[in-house]
A.B. asks: 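Questions regarding the structure given below will be posed in turn.
Chain letters run A, B, ... following the sequence lines, proteins first and then strands; every chain starts at 1.
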2 protein chains.
Amino acid sequence: MQTGEAVTIVHGDEELLARTRHLFATATEIACAANSLGMWAVTHVADDLDALARERRGQVRVRKVFRPGVLLDPVAARGVARTREHHGAQIRITTDELNETILFDRRVAILAGDVRAGRRSYSVVTQPETVQGVTSLFEAVWRAATDVDVYDARIAEIRLLAPRVLDLLGQGVKDEAAARTLGLGVRTYRRRVAELMDALGAESRFQAGVRARELGLV
Amino acid sequence: MQTGEAVTIVHGDEELLARTRHLFATATEIACAANSLGMWAVTHVADDLDALARERRGQVRVRKVFRPGVLLDPVAARGVARTREHHGAQIRITTDELNETILFDRRVAILAGDVRAGRRSYSVVTQPETVQGVTSLFEAVWRAATDVDVYDARIAEIRLLAPRVLDLLGQGVKDEAAARTLGLGVRTYRRRVAELMDALGAESRFQAGVRARELGLV
DNA sequence: GCGGTGCTGGCAGCTTGTTGCCGACGTTGG
DNA sequence: CCAACGTCGGCAACAAGCTGCCAGCACCGC
């Protein structure tokens, strides 16, 4: 990654880590928009980066925006809570579609690309106008987003039954049979399904299946 | 992995490779049942293993059973064709639910477990009765399965439109709007959807979404 | 005890999805 | 040219899914 380049393509998590470690160590402002914890898994895997974040807690403003589906996975929800507690991160939830992005000090933007051959590619952008554009988009999303506490209480409830509902949905079981299996009325079962779809931000059951699989919920 | 153990748990693809390389080098019969190419990606990543398989072509009987959804991905379909051509593998398609399995000479069975923290665990079984049980299950599936050629011609057609249909489905677009977008009548669009669901072995759209995502089709 | 609140589940109306039927049309082979 | 075949698309019947409505019930606070 050369200093003169405005956009650099980075392949794979390891390379991204290697090339951005210094940013995590020096930035005073880190902002992240993610559909799942996947992108931030990079920073969790690297133990030294986690320790670094804790160490720098008072020196860096960390903001993260997730989609509500993230909170459906108990493990991910705990990860979110831990991030807030240990890193002093401010966390909000949005129902808008997100492109996965990390911003450092309004100077560097990392945009996630597609997964190819099991490796995800990232664009590392330093070109000022582009970074500014991405930043303003993030700020707009941030302003419209809701504090995680508002969502978490509600989703914590949905989470209780979600694994069983998702399991039955994933097996292709019809609503009536699924409701019977869970000992619910079909109206209530459908309420639970509708809540899940809302949390997943899905408008159809196919889309919900895709999202649920993406988030590792099924 | 000790000789005396009847079942050994192996974590991650690399470890599986390291511990089973000798099996690929010595076995005269290899049988694999897989939901996707994922499990066999292990052997593709290792170049020396690929070369080994080519070298041993006349010395080892290779049989693989996949689910039809695998053929929906052009890349995977080409991988299947290449395996057949280069390794002389016999390949069949089944619509039954499969547990991902590799068998070596009716003596060793490898069963795939769940993915944990991004690493998949495998059970490596050498206990004779268990291996025999797994082998007989594989043989039953093999007997009932259909030669890949029978499926491939049909699925090759479905594959042409599949990316666009899957994309619209994944966006939650309703059938009528999706049909219009593709310039089809809604009856035809629904035929295409039904074919896809058949190929994916899904009974509901949620399940289809999960499967499609699993196979990397969306 | 009583009123307020929230959840459940049955019912019903509506939308969306599933699939058979059939006429129309294009293609192919004799 | 004609017959056979396969696909498309409109129509319709039916099933599955979506959601509002409301009575019944449990719980809670005064």
Side-chain angles (χ1 to χ4, degrees), chain A residues 68-69 72 95 150-213 217-218, chain B residues 68-69 72 95 150-213 217-218:
Chain A
L72 282 173
T95 53
V150 175
Y151 261 90
D152 201 50
R154 196 181 118 227
I155 296 198
E157 275 201 44
I158 300 176
R159 221 160 29 223
L160 291 179
L161 201 57
R164 283 195 281 166
V165 175
L166 288 163
D167 187 56
L168 292 166
L169 284 168
Q171 288 173 45
V173 182
K174 301 291 191 291
D175 287 0
E176 244 198 57
R180 215 179 309 128
T181 298
L182 296 178
L184 305 173
V186 73
R187 184 68 190 87
T188 299
Y189 176 80
R190 284 179 179 155
R191 277 204 181 94
R192 299 290 91 78
V193 172
E195 286 161 7
L196 273 179
M197 288 181 60
D198 206 45
L200 289 168
E203 314 239 327
S204 71
R205 289 199 177 194
F206 186 97
Q207 192 181 26
V210 172
R211 290 272 167 83
R213 183 64 198 172
L217 301 173
V218 292
Chain B
L72 282 173
T95 53
V150 175
Y151 262 90
D152 202 49
R154 197 181 117 229
I155 296 199
E157 275 203 46
I158 300 177
R159 222 160 27 225
L160 292 179
L161 202 55
R164 283 194 281 164
V165 174
L166 288 164
D167 188 55
L168 292 166
L169 284 168
Q171 288 173 44
V173 181
K174 303 290 190 288
D175 287 1
E176 244 197 57
R180 215 180 308 129
T181 298
L182 296 178
L184 304 173
V186 73
R187 184 68 191 85
T188 301
Y189 175 80
R190 283 176 179 158
R191 278 204 182 94
R192 300 290 90 80
V193 171
E195 287 161 8
L196 274 179
M197 286 181 65
D198 206 45
L200 291 167
E203 314 240 327
S204 71
R205 289 200 177 194
F206 187 98
Q207 192 181 27
V210 172
R211 290 271 167 84
R213 182 65 197 172
L217 301 172
V218 293

A.B. asks: With salt bridge (Lys or Arg N to Asp or Glu O under 4.0 Å) as the test, pick out the partner of B:Asp175 among B:Arg180, B:Arg187, B:Arg205.
C.D. replies: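 Running salt bridge (Lys or Arg N to Asp or Glu O under 4.0 Å) over B:Arg180, B:Arg187, B:Arg205 with B:Asp175 returns exactly one hit, B:Arg205.
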A.B. asks: Rounding to a whole Å, what distance do you find between B:Gln207:CD and D:dA16:C1'?
C.D. replies: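 Rounded to whole Å, this separation is 15 Å.
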A.B. asks: Rounded to whole angstroms, how far apart are CZ on A:Arg180 and P on C:dG10?
C.D. replies: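 Rounding to the nearest Å, CZ of A:Arg180 and P of C:dG10 are 12 Å apart.
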A.B. asks: Just the rounded figure in Å: distance from P of D:dC18 to CZ of A:Phe206.
C.D. replies: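 In whole Å, D:dC18 P lies 15 Å from A:Phe206 CZ.
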A.B. asks: Is there side-chain contact between B:Leu169 and A:Ser204, with heavy atoms separated by less than 4.5 Å?
C.D. replies: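 No, side chains not in contact.
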A.B. asks: Passes salt bridge (charged side-chain N to carboxylate O under 4.0 Å, His left out), A:Asp198 versus A:Arg191? Steps please.
C.D. replies: CA-CA 10 Å; A:Asp198 206 45; A:Arg191 277 204 181 94; over 6 Å; no
A.B. asks: Just the table, please: protein N/O against nucleotides 4-8 of chain C N/O, every pair under 3.5 Å.
C.D. replies:
unit_1: C:dT8; atom_1: OP1; unit_2: A:Arg192; atom_2: NH1; d: 3.4

A.B. asks: B:Leu72 versus B:Leu166: any side-chain heavy-atom pair under 4.5 Å?
C.D. replies: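 No, every pair of side-chain atoms sits at 4.5 Å or beyond.
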A.B. asks: Within this structure, what is the CD-to-C1' distance between A:Glu176 and C:dG10, rounded to whole angstrom?
C.D. replies: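 About 12 Å, once rounded to whole Å.
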A.B. asks: For the backbone of B:Leu200 and the side chain of B:Arg211, can you confirm whether one donor and one acceptor N or O come within less than 3.5 Å of each other?
C.D. replies: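 Yes.
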A.B. asks: Start at the 5' end of DNA chain D and walk down; is the nucleotide closest to A:Arg205 or to B:Arg187 reached first?
C.D. replies: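 Checking each residue's closest nucleotide, the 5'-ward one belongs to B:Arg187.
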A.B. asks: Measure CE/B:Met197 against C1'/C:dG17 and give the value in whole Å, please.
C.D. replies: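 Taking atom C1' of C:dG17 as the reference, CE of B:Met197 is at 9 Å.
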A.B. asks: Which whole-number value in Å describes the distance from A:Arg190 CZ to C:dT16 C1'?
C.D. replies: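 These atoms are roughly 12 Å apart.
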A.B. asks: Just how far is it from atom OH of A:Tyr189 to atom CG of A:Leu161, taken to the nearest 0.5 Å?
C.D. replies: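 Going from OH on A:Tyr189 over to CG on A:Leu161, the span is 9.0 Å.
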A.B. asks: What integer distance in Å separates A:Lys174:NZ from D:dC18:C1'?
C.D. replies: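 That distance rounds to 16 Å.
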A.B. asks: Report the distance from atom CG of A:Asp198 to atom P of D:dT19, rounded to the nearest whole Å.
C.D. replies: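 Interatomic distance, CG of A:Asp198 to P of D:dT19: 9 Å.
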